[in-house]
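A quick write-up on the structure given underneath.
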Amino acid sequence: MSENGHTTNGAVKLTRKDFQTDQEVRWCPGCGDYSILAQVQKVMPELGIPKEKIVFISGIGCSSRFPYYMNTYGFHTIHGRAPAFATGVKVANPDLQVWVITGDGDALSIGGNHFMHALRRNVDLKIILFNNRIYGLTKGQYSPTSELGKRNKSAPMGTIDYPINPLSLAFAAEATFVGRSMDVDPKHLATMIERLAAHKGSGFLEVYQNCNIFNDGTFKNFNEREVKEDRMIQLEHGKPLIFGKNKNKGIRLNGVTPEIVTVGENGVTVDDLLVHNENAREPNLPYILGRMQFPEYPVPVGVFRAIERPTYEQMLVGQISTAVETKGAGSLEKLINSGETWVIN
Amino acid sequence: MSENGHTTNGAVKLTRKDFQTDQEVRWCPGCGDYSILAQVQKVMPELGIPKEKIVFISGIGCSSRFPYYMNTYGFHTIHGRAPAFATGVKVANPDLQVWVITGDGDALSIGGNHFMHALRRNVDLKIILFNNRIYGLTKGQYSPTSELGKRNKSAPMGTIDYPINPLSLAFAAEATFVGRSMDVDPKHLATMIERLAAHKGSGFLEVYQNCNIFNDGTFKNFNEREVKEDRMIQLEHGKPLIFGKNKNKGIRLNGVTPEIVTVGENGVTVDDLLVHNENAREPNLPYILGRMQFPEYPVPVGVFRAIERPTYEQMLVGQISTAVETKGAGSLEKLINSGETWVIN
Amino acid sequence: MSATTLEETVTKLPIEELEAVTIRFAGDSGDGMQVTGGQFTATSAVIGNDISTLPDFPAEIRAPAGSLPGVSGYQLNFSSRDIHTPGDEPNVLVAMNPAALKVNIKDLEPGGILVLNTDEFNDGNLKKAGYTANPIDDGSLSGYRVFKLPITSLTLKALENSSMPFKQRERCKNFYALGLMYWLYDRPMEPTLKWIDDKFGAKPEVAEANVMALKAGYNYADTMELFTSHYHVGKAQIKPGKYRNITGNEATAIGFITASQLAGRPLFYGSYPITPASDILHELSKHKNFGVKTFQAEDEIAAIGAAIGASFAGHIGLTGTSGPGVALKSEAIGLAVMTELPLIIIDVQRGGPSTGLPTKTEQADLLQAMFGRNSESPVGIVAPATPGDCFKMAVEAVRLATKYMAPVFFLSDGYLGNGSEPWEIPSLDSLPEMKINFRTEVEGFFPYMRDEKTLARPWAIPGTPGLEHRIGGIEKKHITGNVNYEPDNHDFMVRLRAEKIQRMQQDIPPLEVFGAPEGKVLVLGWGSTYGAITTAVEQMRERGHAVSSAHLRYLNPFPSNLGDVLKRFETVIIPELNLGQLCMLIRAQFLIDAVSFSQVKGKPFKVSALVNKIKEYL
Amino acid sequence: MSATTLEETVTKLPIEELEAVTIRFAGDSGDGMQVTGGQFTATSAVIGNDISTLPDFPAEIRAPAGSLPGVSGYQLNFSSRDIHTPGDEPNVLVAMNPAALKVNIKDLEPGGILVLNTDEFNDGNLKKAGYTANPIDDGSLSGYRVFKLPITSLTLKALENSSMPFKQRERCKNFYALGLMYWLYDRPMEPTLKWIDDKFGAKPEVAEANVMALKAGYNYADTMELFTSHYHVGKAQIKPGKYRNITGNEATAIGFITASQLAGRPLFYGSYPITPASDILHELSKHKNFGVKTFQAEDEIAAIGAAIGASFAGHIGLTGTSGPGVALKSEAIGLAVMTELPLIIIDVQRGGPSTGLPTKTEQADLLQAMFGRNSESPVGIVAPATPGDCFKMAVEAVRLATKYMAPVFFLSDGYLGNGSEPWEIPSLDSLPEMKINFRTEVEGFFPYMRDEKTLARPWAIPGTPGLEHRIGGIEKKHITGNVNYEPDNHDFMVRLRAEKIQRMQQDIPPLEVFGAPEGKVLVLGWGSTYGAITTAVEQMRERGHAVSSAHLRYLNPFPSNLGDVLKRFETVIIPELNLGQLCMLIRAQFLIDAVSFSQVKGKPFKVSALVNKIKEYL
Ligand SMILES: Cc1ncc(C[n+]2csc(CCOP(=O)(O)OP(=O)(O)O)c2C)c(N)n1
Ligand SMILES: Cc1ncc(C[n+]2csc(CCOP(=O)(O)OP(=O)(O)O)c2C)c(N)n1
Ligand code: SF4
Ligand code: SF4
Ligand SMILES: [Mg+2]
Ligand SMILES: [Mg+2]
């Protein structure tokens, strides 16, 4: 029960039910958010962390309703700022496991800066971004991940904003853990949530999530059952990049450009394929993989990057210890009496 | 006079002096900002654009005082938000040449999000970031580009924030032009400013700038005259990556990792070296180059990326034309009379 | 079931004449109640009733079908006389499912008509609505005239020959309900038939199904002698003219487009979506052929930043949001104050604080608009009184902002934004002239020189040769506009900025009093409370009380005659959907013991509540 | 040059007794004027004078040496009686260069002492300062007692044996000037000698050079019989106790550390640098051994967000900034109001609007603190009156915020923050108890249940077993805290939040009146105007006028006796460094015709201006 490096209070093992609240779940029927909630609630008991040590923090958006449905501590904050609140919580009490639930608008539009800075500080936060490429809650405006040219409520003639790639941004922000999964693959999703939970440091998981009301089917071109194997690729550490129904397609590097090859054709062997490495200190490879998009490439899911380095709160606590060691625990008496003093009789 | 694709009004050629104002320049003596101002004022007349068509927009910081010293239109806005103001100006009047002057705190701390979104929209803005790795104006706190462990006013025990790489962020933001130069190399700087001016689309130039008061010499490890040739590398499109006093060092790719080699040693020839390509659609190579840092690598300067794609304001104006073509120029009479109407007598 | 023809029936049943009726349609968000209400409204307007409406959307998340939070409602009041509110208590409630009943029944007038879709009162839905017993049977509805109809089955029955899938057929039940109500209130079906044709022309089977459902409902009511009588509400005495129905948000969008056309400068709208302001963005983005530039920014700060930038460059800079977004824009508004650029900030107010009640209405951002920035940072403030008035006040906002070179707030609210009313389409000639004079003359130019009358500084836009200059947020030297830290200059400029806003009074019409110019009580209002206040005061005056009302559309500065108006009454009552914000300003400025009447429930005042309050002071 | 010894000289020259002296040191930013002023202050304090200081930094950018914007000044008032202000007009001005003369001469009292460093009055510097003629020779200074001294050369001369480089030797000239003044005002050199030793101990040659310069200046004044007399200012009657000199920002930082220790909870400070608040961040970041966690955020929004998060997790959540930063924090403050978490927001006010006058002082954010958020969003507000008072009010802010579970503003300003005064070090026992009761009991817990007296909800922090709950910005159901959109609940909660803040009155001391409890004029102040107001009223009372004063340290809610206090005076004058913000609140609440006396110059009131204003109402 403490496989993930977290302490347990030795209490009875919790179940999925323990993590459900009495609040009615209010997403539209059919929304991909349900699947993500289900997987998080499934994974939680496996982590062996008592409920009271877990905090879910969100911004605003359909996705950000999430904390109300988790029977842990929760904070539904304001639009785009969840990483800031979460940083405060984690820094105040590093014992807590702190999750951030956000959407593509929340994390990348109004909240892009906090997202980036929380990641770069390597605060130990577990950030899940529900990417539905649309603003759900406000009823259908485009988001920073919406495709160029997409028509929607606020762009009736089509969006003229080039979309942003959330993974590229995460790498730019030096995130120590970066993964991707999707609502329609619960098993994979559960594994990714577990990996995220186990990571110590700023972790970011992008989840492709279908908004069946305002953006139905944006991902289905590549993630529907029939085409998925040919149009997506699962990253596995130390394994070559192979995909396809027949497991005979692969990714090879040509200079710094990935290209699709068929194993067995034109003399290509498995040894020619790129081998995935989550752990490289420099995120050059994960960056390149993160930019592979349908239809040019199969869409990668899995863990792109997972490295360890001291977290922000560790270093902060470390400085406090050092200060106490070198200067002694703070004395109020000394503090207020410091500097030049004089006595008037 | 219109070499850079801009129109001229056929007026007499302007001189550097025409771009100076009567306001006393108020940076600390010795500040690197002077050099940047001098180069911009030098380049301006070469562009052949009438003064009244040029706008300089800045946020807040020492660097952001810049517009006061340029005899063009200018707007010294608020901290971190210059790209937003600039977007409004450019979209309102695409005829203007719009420059954004910003600092490492202004653009990357409080303003990180606007910086990113302006870049990704490919608004035709010329953004120059004065990176002195410190907050100058507020007297010496660390900035997002300050080195880990650096001691300063707000981190007396050393900074515990991992720094951000401005170029990585620019690539994540899909910037179509990305360059780097430095205050201490006026000639190179002038060339880069010219390139930036000539670019159509969101352009970003990072300038290493010495703050001799609060962060003196942060760059001197690699950009002082004596060491520069061995510790920096000039990127040139189509040319192999060669550096060193003896022009015999080069950069080769090992997988996706750059490595330093010596031409002539171990059988390495110039043909083994990486050849720079500013124009690749995917910024994989520039991204990798942008992450090369001293002391592991020589620090690259020059143009990392320069590609063209439709700008935001072009597309917006395009939609307006289309709308006028398809629906006819707007008629107020029709507009207010639209929908179900009825008459009461 | 007798086989009487339509004509016979109509003559057979008594028609009662009514002055006014308030009807509320309620159902699940998926039930199409907004369309139903909208159609009833449009038809009533066309036949000459005066109307007033109140849509009530569910809170921000789409709740599961059948749940309480998923209930959507639409109330309308139609009348043969002048009306200003959607009515306090509905006379009729159409409840399409148990949740709709649960949420709305407490508002229905005692003895009111209650139409229930019995098909939906099954165990599952009852449970979702939190009923332990079925209200249809348990006697709890005995105080109303209940009509229990299996509307869903009846609709499906009527459409049994349609080739549409089951789900879609079922969805026509709102037209069935509409048909019932058309019969009950003696409305013609033609306007709706035409609307269906326009809307679904491309999908004839959908059009046909809706038509069939509508007619079936109408005929069923008629044939079955379901209701003991039906009602007629005659034409109102409405000012002659051409009308359309318009929501406040539409009127706002159209108003700003109109203003930009009058000014001859393109409109730039920088915005970030937020309820209940988003529809303004949606509407404006449809009108690119007017040269309107909409910019969906990354956040509210960028939205206003770009709008200020556009204004600097000579566009009509407009930014719009709701309360939380205004909070974010505060710092930038200060910059617009300092740089003295015209800028209009739309605030479609909603319930707060914080995220609050995002889909509900409130008037509690007045003090934020006045004071919500660092330091002395005065702005103009206007506030429309009705949905249609949004058009006029949008034009006014632009007129004041451009004439005085200053930011102006446009304080709308959720009730105005989503609510609609018949709007008399103005003739273009009646609109104010709006001369924009960009400075072009080089001789004698200084960026902070002043127009003597308005104190406006020149609007000198980039691109103008010879007027190159720099502006910014640091204090400016009077006239030259150079950065300046001198103590006396700062004091002077602080007072000058305040004085400039005050001078807008010159361009603001005097406050009009409804009723006698003096008396016992003056009810002073602003914003969306106009309808309720006017109705309440009308009622009181009819009963002979010395009550008048006045409605502020200009809140900063106040109209110059406000002090005079106030002092002619013994008591001034100020009803507000906040804790007394205007009241505080009035007390401070005029030192009168104005009485605040507050209600902060996310919804408009009831006329009866106002009447009761007024009575206390008679 | 006679060869008298030091002892002889001292006895030879007359010593005049003075009650109080105001002296201003002015020079280039690089000239070390802040150190000079600081040393003079410390020494004067040690010998028992009462003192008050006013540093005046150049505006935000380091201007070139010798330029007008580069001038830095330090004024201090030392006295043998109680004083509260740094003095209206300096009696002595030390001007180290032409720019310093130009900027400051207009403040020097007629006939005042003017010490000039003639070495710097060369053509280059005169031009930089905008002089066309050399003021030393052109007669323009004839109204003063001018002492022309080549201070730079004299310093270099004194240090000719020092091995330090020229630049560094030259830099000692401020100590030379200090020595001159020490002699003139009969101060001992020991405190400064000790300070030099502490500060430069590690660099003996620097220490020695400074010591030599100081002594040289002293001896020069003495030996040369430069001044016709020298002066003595006796000990003041100061309350016995242990004192230190402290700036407002230091006192603020130390005050919050103290509060956190009293509360037994770590302090979390989320901040983004901004003038004049940054020093609080700098100071707090030095005290990690108190468990203080400082977080330099990416912007003000993240800073407050993290502080609220920390408060949710059980820390004392504190965030600090100046006016423009407060504007950015507005939205998040609303969330703290809604989630009812303790949070303290420091606003070190500066000149505005917008970027304004970043290094100057102002009191114009009161209404922003009160109303600068969407909707009804009440918070507590306290405001220290003097630099030392920042300590006490910091403790008060934490006490109120934690006891009432609500955000509290701490309104300081640039004058308080940078200014210093002798501060009587309190005994720790005298500080209030601060019991923090985290909820731990599971039985009967609801997140929005209430303490009957304070209306506070329980503080139940993550990590507490069994109390898992969710909070957020959407309206809450009374008691359960669940998301709730019911109209009546909203109205109830809006009023409850207002009432909770109002109840803080229970824990606020009554307002004290200085002078008689009734009379002709009451001067009502708040914040940093305390010193000027108290001095003015003291002067008036001494002259027999029926004038009293009262100073509000609690601005929301007001002390409960405020109404009583006000009504005992014929006229209430409210002097403020804004356009009448407190005055507006007082007028609205108490309906009295309070008179606003405004000054918005980026600097404190002069006593004389207040006296003149008061006279108008006698
Ligand atoms: C300051 C502020 N601005 C705007 C909004 C309105 N708003 C709420 S959620 C949202 C975007 C939601 O999109 P996303 O983050 O993608 O979440 P989704 O609903 O798609 O899950 C917006 C614009 C708000 N609540 N607060
Ligand atoms: C809203 C707001 N927050 C903070 C500040 C204070 N401030 C001004 S400039 C600055 C940072 C300057 O650093 P940088 O952008 O690197 O510019 P530099 O001075 O180094 O050129 C800060 C924090 C401000 N003016 N406005
Ligand atoms: S609007 Fe879209 S994202 Fe939101 S709950 Fe509905 S389906 Fe899900
Ligand atoms: S503080 Fe630094 S960056 Fe600012 S003007 Fe001085 S040297 Fe330049
Ligand atoms: Mg989304
Ligand atoms: Mg900097």
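Naming convention: chains lettered A, B, ... in sequence-line order (proteins, then strands); numbering from 1 in each chain.
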Give the member of G356(C), G323(C), G372(C), A594(C) that has the highest number of heavy-atom pairs under 4.5 Å with chain D. G356(C)
Using atom types as modelled, flag every donor-acceptor pair under 3.5 Å from a side chain in residues 334-341 of chain D to any protein atom, sequence neighbours excluded.
unit_1: T339(D); atom_1: OG1; unit_2: L335(D); atom_2: O; d: 2.7
unit_1: E340(D); atom_1: OE1; unit_2: R450(D); atom_2: NH1; d: 2.5
unit_1: E340(D); atom_1: OE1; unit_2: R450(D); atom_2: NH2; d: 3.4
unit_1: E340(D); atom_1: OE1; unit_2: K500(D); atom_2: NZ; d: 2.9
unit_1: E340(D); atom_1: OE2; unit_2: R450(D); atom_2: NH1; d: 3.4
unit_1: E340(D); atom_1: OE2; unit_2: R450(D); atom_2: NH2; d: 2.9

Go through the atoms of N484(D) and report whether side chain, backbone, both or neither lie under 4.5 Å from a heavy atom of chain C. backbone
With sequence neighbours left out, the residues meeting side chain to side chain donor-acceptor pair (under 3.5 Å) with Q589(C) are none
Of the listed G325(C), G472(C), A364(C), G473(C), the one with the largest count of heavy-atom pairs under 4.5 Å with chain D is G473(C)
Which pair of heavy atoms, one from R587(C) and one from A588(D), lies closest together, and at what distance? NE-O, 2.8 Å
Where on S322(D) is there a heavy atom nearer than 4.5 Å to chain C: the side chain, the backbone, both, or neither? neither
For the residue pair H490(D) and E362(C), what are the closest heavy atoms and their distance? NE2-OE1, 2.7 Å
Under the 3.5 angstrom rule, does the side chain of N374(D) hit a backbone N or O of S354(C) as a donor-acceptor pair? yes
Which heavy atom of I301(C) sits nearest a heavy atom of L328(D), and at what distance? CD1-CD2, 3.8 Å
Contact part of A332(C) toward chain D, heavy-atom cut-off under 4.5 Å: side chain, backbone, both or neither? neither
Below 4.5 Å from any heavy atom of chain D, which atoms of D347(C) appear? Answer side chain, backbone, both or neither. neither
Option among L579(C), D365(C), L367(C) that satisfies the side-chain contact (heavy atoms from CB on, under 4.5 Å) test with E376(D): L579(C)
Looking at chain C, which one of G352(D), A327(D), P487(D) has the largest number of heavy-atom pairs inside 4.5 Å, strictly under? P487(D)
Between N578(D), L585(D), V103(D), which shows the greatest number of heavy-atom pairs under 4.5 Å with chain C? N578(D)
Over all heavy atoms of both residues, which pair between D488(C) and K601(D) is shortest? Give the atoms and the distance, please. OD1-NZ, 2.9 Å
Which portion of L366(C) sits near chain D, non-hydrogen atoms under 4.5 angstrom: neither
Residue among M370(C), Q363(C), R497(C), Q349(C) with most heavy-atom pairs under 4.5 Å to chain D: R497(C)
Toward chain C, the part of E331(D) with a non-hydrogen atom under 4.5 Å: both
Identify which part of A369(D) has an atom lying under 4.5 Å from any heavy atom of chain C, answering side chain, backbone, both or neither. neither
Quick one: of R495(D), K329(D), Q368(D), who has the most non-hydrogen atom pairs under 4.5 Å with chain C? Q368(D)
Closest heavy-atom contact between S330(C) and S330(D)? OG-OG, 3.7 Å
Leading residue by heavy atom contact count with chain D [cutoff under 4.5 Å; candidates N489(C), V483(C), V600(C)]: V600(C)
